Structure formats: C-alpha cells, structure tokens
Trainee: 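Mind looking over this structure? Questions follow.
Owing to the predicted nature of the structure, the values given are computational and were not obtained by experimental measurement. So that the names make sense, note that chain A is the first sequence line, chain B the second, and so on, each numbered from 1.
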Amino acid sequence: MNAPARLNAQQHDAVTYMDGPCLVLAGAGSGKTRVITQKIAHLIDSGVYEAKNIAALTFTNKAAAEMQERISKLLTEPKQASQLTISTFHSLGVKILRQEAAELNLKDRFSILDSDDCFSLVQDLAVTTDKQTIRRIQGVISLWKNGMVDPVVALKNAVDDEEAQAARIYQNYMATLSAYQAVDFDDLIRLPVELFRSNDKVREKWQRRLRYLLVDEYQDTNTCQYELVKLLVTGAGKKPMFTAVGDDDQAIYAWRGATIENLKTLQDDFSDLKIIRLEQNYRSSTRILQAANAVIKNNPKLFEKTLWSEHGLGEPVEVSSMPDDEQEAEQIVMQLSAHKFERHAKFSDYAILYRGNYQARIFETALRRDNIPYTISGGQSFFARSEIRDIISYLRLIANLDDDPAFIRAVTTPRRGVGQSTLETLGAFAGQWQCSLFEAVFKGGIEAKLAPRQLTPLREFCDFINQIEERASRPGASGKGENAAALLDELMHEIAYEAYLYDNFDERTAKTKWQNVLEFTNWLKDKSKGGKHEDGPEKNLLELTQMVALMTMLEGRDQEPDAVHLSTLHAAKGLEFPHVFLVGVEEGILPHLGDPDTPAEQLATRIQEERRLMYVGITRAQRTLHISWCKKRKRGREIVQCEPSRFIEEMKLDEGDAPPKEDEIITPKDRLANLKALLQKPKAA
DNA sequence: ACTCCCGATATTTTT
DNA sequence: TATCGGGAGT
C-alpha cells in the first residue's frame, strides 16, 4: 500500500475513522479524492468491509471514472476494484430501478428521457409556445421533483399564475411519463427514494448490499439525493456508516436544486457525526490562498475554515483593467504567450476562466489568430448532437416500444412517408385507446382512421422494428440476445442513415455527422463487450441504451495534447492549473446579476453563491493568478460601461500583498522559481 | 401554412 | 457567434 505515511494528520483521521457517520470538510485542493480513495482501501484492508459492500457516489461520470482509476491502482487485489460500486447517483438509481422495476409498476425496459425530450413533453402540455417560459416551467418542475414536492402540494403552494400552470403541467407530465414507461433524470433518484420509503424489505436488501457509503461533493446534493443516502444508511438496529466529503464554500449549484442545508441537516440527523476539516492546501501558493480566504470571509459561514499552504508566498496576484473586451482577449493572449515563453511552460499549464459560456468566443478568436491550441470544456455534449440522438431514438424504441418520443423521432428520420398529419391522427387514436403509438399501428380500428398510403409505411416500419427487437432479445450465444452493436450496424444499413445525411446536408457536415455516428457505434461496440475492464459483463441492448442515456461526454475524445483550457467557472470545479487567467471580473458579470428587480433577500443569497464561484475560480490556480476586468464591453449592439467586481476589492490584495519581506518563509523550490521569474522578467517587457 | 431574412440578445450544467 | 422570434413574402 503506498503512502498512508504521506497523509497529514487530518487526512489520516478522515481515512481511518470507521466508528460512525463522518463528514469531511475538504477545502479546495486539500486532497479530497485522495482521502476517499485511501479510505476505500482502508475499509477493505481493515477486513471490516468487503469491496462489494462499499459504494462511492459522485455527480459526474468523469469523477466516477477518475475515482475508479485511482482506486484500481491502490488496491493490491485487482479483482476487488471491480467489485466496488463507484458510480454517479443517477447510475445507482438506474441499477436500483432496473432491479426493482416490478415493485414500482415499471417495466425493466423503461426509457430514460433526457432534458430535450422532457422539454418537448412540457411544450406539448403547455399553453404557451414561448420557449423561455417553457424552459422556466421545466426548471420549476425539476426543482419540485428534486425537492420531493408532489403536484398537489405544488399547486396548493403556487404563488402566481405561472406556477399554478406549471403545477398542472407537472401532473400531466408525470402521467405522460408513466404512459411511456419512461423516467426523467430526476426520477432516477426520486423513485428509489419512494420505493425505499414504502418497502422496508427492498430497502433492507440494498442496505445489506451497500454497507458503507461514501459521498463525493456532498455540498451539491439536493433534497432527494440526501434522502436516498439517508435511507440507505439508516435502518433498525444498524449503526449509520458513511463518509460525506464536501466543501460548503464550493457550493455553486443551488440554482439546480442543491442545498447546503444538507450539510447542516447532517449534524441534526446524525448526532454522533464526526466532523473533520482538511485545511491544508496542496495546490496553491500562499498569496493565492490569502486572496481566496479574504473573499470567502465575506460569506456567512456554516463551518469556519481557513486554508493554508506550505508552498510559500509565491507571486503576487495581478489585477489589470482593460479598455474593452476585445482588447482584454488580445492582451491576455499576448500575456499568456509571453509568460509561457519566459517559463518554458506548456500551453496546457494555462486556463482562461470566465462566468458565462458566451465569453469564450472572443478568446477563441484571439487564440486562433495566434495559432495557440485550445480546448473548451463544457459546450455541447457529444450525445446531444442530432445525429447521435437520431440513432439513440432507434435504440430506445427497440428497448421500449412504448417510448412515444423515440417512436416519433425514429419513424420520421430518415423520412419514410410518415408526416405530421399521419402522426396526429395516430396520436389521437392512441390517446383514445390509452396505448402507445407503436401499439396503435396494429390496433383494430386504425384502418378506419388512416388511408392505406399512410398506414403502409407505418406498418412496414413497425414490422422492421419488431424484427430487430425480437432478435435483440432472443437468447443467443451469450444468452442475452444477438450482439447489440452488430444489430445496430445492420439497422444503420437498413435505414440508410448515411444516404439520408448526404441528402439532407451539405457534403462537409454530412461527412462529419456520419463520422460521429461511426464513432458512436464503435464506442457502443466497445461498451457492449464490457468496456476496457475485460472482466466487465457483456451488456445487452437494453443495458447499453440505459447507460447511454446517462452519458454526456465520450471519454478520451480528440484531446489536444497541449492546449490552453477555456472553461466556465462551473466546469472548472475540481480542476487545477499552474497559471490561471480569470477574466471579465466585473459587476454584473462575476457577481452575475439577473433581473434588476429581484427581491433583496434573494439577491443576497445569489451574491453569496457568486462569491463562492469567485472563490472556486481563485483556488483553481497553483502558481500564478491574473484577474482582469473591462472598462467597456460590447453587449449586443451597444457599448456599456463596466465597473470592477466587488470581489476584486474583497481580495484585499494591497494589504496582504506588500512586497515580499526578507524573513518570510519560502520553500527552496519556490524561491528558485521566484528567482527564475525575476531573472526572466526584464526580457519580456 | 411555410420559409427566409433580419435584428436583437445573451447565466451557470450534469444526469 | 449562434439562435430565436418576428415580419414579410410565396
């Protein structure tokens, strides 16, 4: 086992504490992932827990993959690593639902609708056509679900007309989902919670299976997720055993339902909660941490916490004002190049961080002009591309014939003589008989509604899907049906998707789209074989489809080996970079102020979250941090005056950042680095 | 009805 | 820089 010796005292406490519930308040860069992975190893090594009874929950696939990776290296027995449950909340939800579907009147072949599908669902149910409103309604419904508010209560508590309307849509929305035998992302957590609440037997089964729980990024959990954790760890005659790791100062997802309240509640719900603070930062220089601490001090604190570092004072944090946004981009790219040249650094040592996605554009063009490689994190996900969603709709339909949204998409792309009016008639008929669209195609009486020229293509399509479906589920060599990806290849050939692309798009786009499709099918093939873990079980089409629904990025895709990172502050959480440029730090942008007429109290909590965002930004930097703001900025057609963000003042740079004194403690490594920097500076100017 | 063009406009994002 | 919505034109 490597390196328990390298854990500091608090980390050691966190890793070895096994007497009960444990909350680790892990400041930025304090070795959070290390504690989790080491703790898992410790749980196993101590002999108290078996790998198959330990579960670690994360929010993103990326975090889960990284954790799995790191734990695999740590464990002496490679077999143990594959027995662990390391997954996102949502994939655990899928696993539970698939196994317990019968208890919930859900078939195990349920579909998982993504937010786009849900959007169109709400669109169909809503009176308005205004996209903004529909999006708001969708958001409200999601918040209700995550807060475990049912439609009746939502309607009763509605404060205005729109909310009342949303509550009514909410009710229909749930009914529609169950008609489709489909769930949305929120249901993946909510339904297991309801099941565990109502069925002790099932709950105890899962409690026996998951005896020790570790929760990453605990500050980002919403009410529903916390409830799931609570239900899994508390049982009659059972001592709650879990470790939650989080940082209230990095809670930046309140807008999508996360509540830091969950940190406080934890103390109330578990009176013997052991709280451990990790305050030693292994990432940044002291100056950077001072700035971060100074900013976050302005927030009311749940838990007092001050980060410190052994890395020495480091270089001053630089703040510069720019004439306008265009020059900001230009200057920063220039500074970055010079800086890189001076230090013989790599492009990948640099990150440019900003509040809103739209701010990326101007930096992209500036970087491109200078031929500097860059990658943008966030942005449109691979699985959201229309060509991929087209293919997925076929998969979903084959897995679940009741999935009407998938049916509509698949039957109309590529076009095969089924149009809007045919679908409307079919929909009305299906509604009348309370059956799915697919079923309606073969139901007696449909002949009276649809002319043969409308019905024939429908039946041909459904026969075709039926035939694929049958082969996918017929027991084959593996006992799980014919190979999913091979079937998919045949499917692609049959529906002539490539030809469709070239018919409907110009050659260039068609080509890239087709390449995406091929990449996707290849990836699927790989996954159906069990992925890179050769011992992983072979997956059938159903399992693949449900997994795909939870994916956003295709891991290991076109990664520039050496590129500047462009990222929103949100997407940068959990990452670190030697040199960080935090740009557009202006009032109205970094404390982003939405509606000018938001109530004062709401504004206050919003500002607090914005401050945490600033804190996250500052603490991404290891060695140097540049902050910039613009005096003027183009906004649409007009140019607006800007003020520096209040957060710049709050960093208290002038006081804490006096010229370095002789007697200040600097580690040799840092002193050398500083010296080098000083020697090289004159060259740059 | 349906498409095309122009102008206004911009949170954050995972599952 | 895209995207969305409105208005005009087929």
Trainee: Between A:N357 and B:dA10, is there a side-chain N or O to OP1/OP2 distance below 4.0 Å?
Mentor: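 For B:dA10, neither OP1 nor OP2 has a side-chain N or O of A:N357 closer than 4.0 Å.
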
Trainee: Roughly how many Å is it from CG in A:D325 to P in B:dA10, rounded to a whole number?
Mentor: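 Rounded to the whole Å, the gap is 16 Å.
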
Trainee: What integer distance in Å separates A:L143:CG from B:dT14:C1'?
Mentor: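 Atom-to-atom, A:L143 to B:dT14, this comes out as 14 Å.
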
Trainee: More 5' along DNA chain B: A:L550 or A:W255, using each one's nearest nucleotide?
Mentor: A:W255

Trainee: Check whether the aromatic ring of A:H592 stacks on the base of B:dT11, taking stacking as ring centres less than 5.5 Å apart and planes within 30° of each other.
Mentor: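 Stacking between A:H592 and B:dT11: present.
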
Trainee: Aromatic ring centroids of A:H90 and A:F59 under 6.0 Å?
Mentor: no

Trainee: Base, sugar-phosphate, or nothing for A:S115, non-hydrogen atoms under 4.0 angstrom?
Mentor: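 A:S115: base contact, heavy atoms under 4.0 Å.
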
Trainee: Measure the distance from CG on A:L590 to P on B:dT12 and round it to the nearest whole Å.
Mentor: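 Roughly 13 Å, once rounded to whole Å.
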
Trainee: Checking contacts here: which listed nucleotide (C:dA2, C:dG5, B:dT13) is nearest the side-chain heavy atoms of A:D130?
Mentor: C:dG5

Trainee: Round to a whole Å and report the spacing from CZ of A:R256 to C1' of B:dT15.
Mentor: 8 Å

Trainee: Would you indicate which nucleotide in B:dT12, C:dG5, B:dT15 comes nearest to any side-chain atom of A:H90?
Mentor: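 The answer is B:dT15, which lies nearest to the side chain.
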
Trainee: Establish, yes or no, whether a centroid distance under 6.0 Å links the rings of A:H565 and A:Y374.
Mentor: no

Trainee: Quick one: are A:Y170 and A:V140 in side-chain contact, heavy atoms under 4.5 Å?
Mentor: no

Trainee: Looking at B:dT13, B:dT14, C:dG5, which one has an atom nearest to any side-chain atom of A:K131?
Mentor: C:dG5

Trainee: With nearest nucleotide decided by heavy atoms, which residue, A:L188 or A:I252, maps closer to the 5′ end of DNA chain B?
Mentor: A:I252

Trainee: Please say whether the positively charged group of A:R612, taken as NZ for Lys or CZ for Arg, lies over the ring of A:Y615, i.e. under 6.0 angstrom from the six-membered ring centre and within 45 degrees of the axis.
Mentor: no

Trainee: Expressed in angstrom and rounded to an integer, what is the separation of A:I189 atom CD1 from B:dT14 atom P?
Mentor: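 Between P of B:dT14 and CD1 of A:I189: 16 Å.
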
Trainee: Measure from CD on A:Q123 to P on C:dC4 and round the result to the nearest Å.
Mentor: 11 Å

Trainee: OP1 or OP2 of B:dT13 sitting under 4.0 Å from any side-chain N/O of A:T568?
Mentor: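 For A:T568, the contact criterion (side-chain N or O under 4.0 Å from OP1 or OP2 of B:dT13) is met.
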
Trainee: Salt bridge (Lys or Arg N to Asp or Glu O under 4.0 Å), that's the test. Do A:D390 and A:R409 meet it? Break it down for me.
Mentor: CA-CA 7 Å; A:D390 285 341; A:R409 194 179 181 113; 2.7 Å; yes

Trainee: Provide, to the nearest angstrom, the distance between the CZ atom belonging to A:R135 and the P atom belonging to C:dT3.
Mentor: 12 Å

Trainee: Distance check needed: C:dT1 P versus A:E364 CD, whole Å only.
Mentor: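 In whole Å, C:dT1 P and A:E364 CD are 10 Å from each other.
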
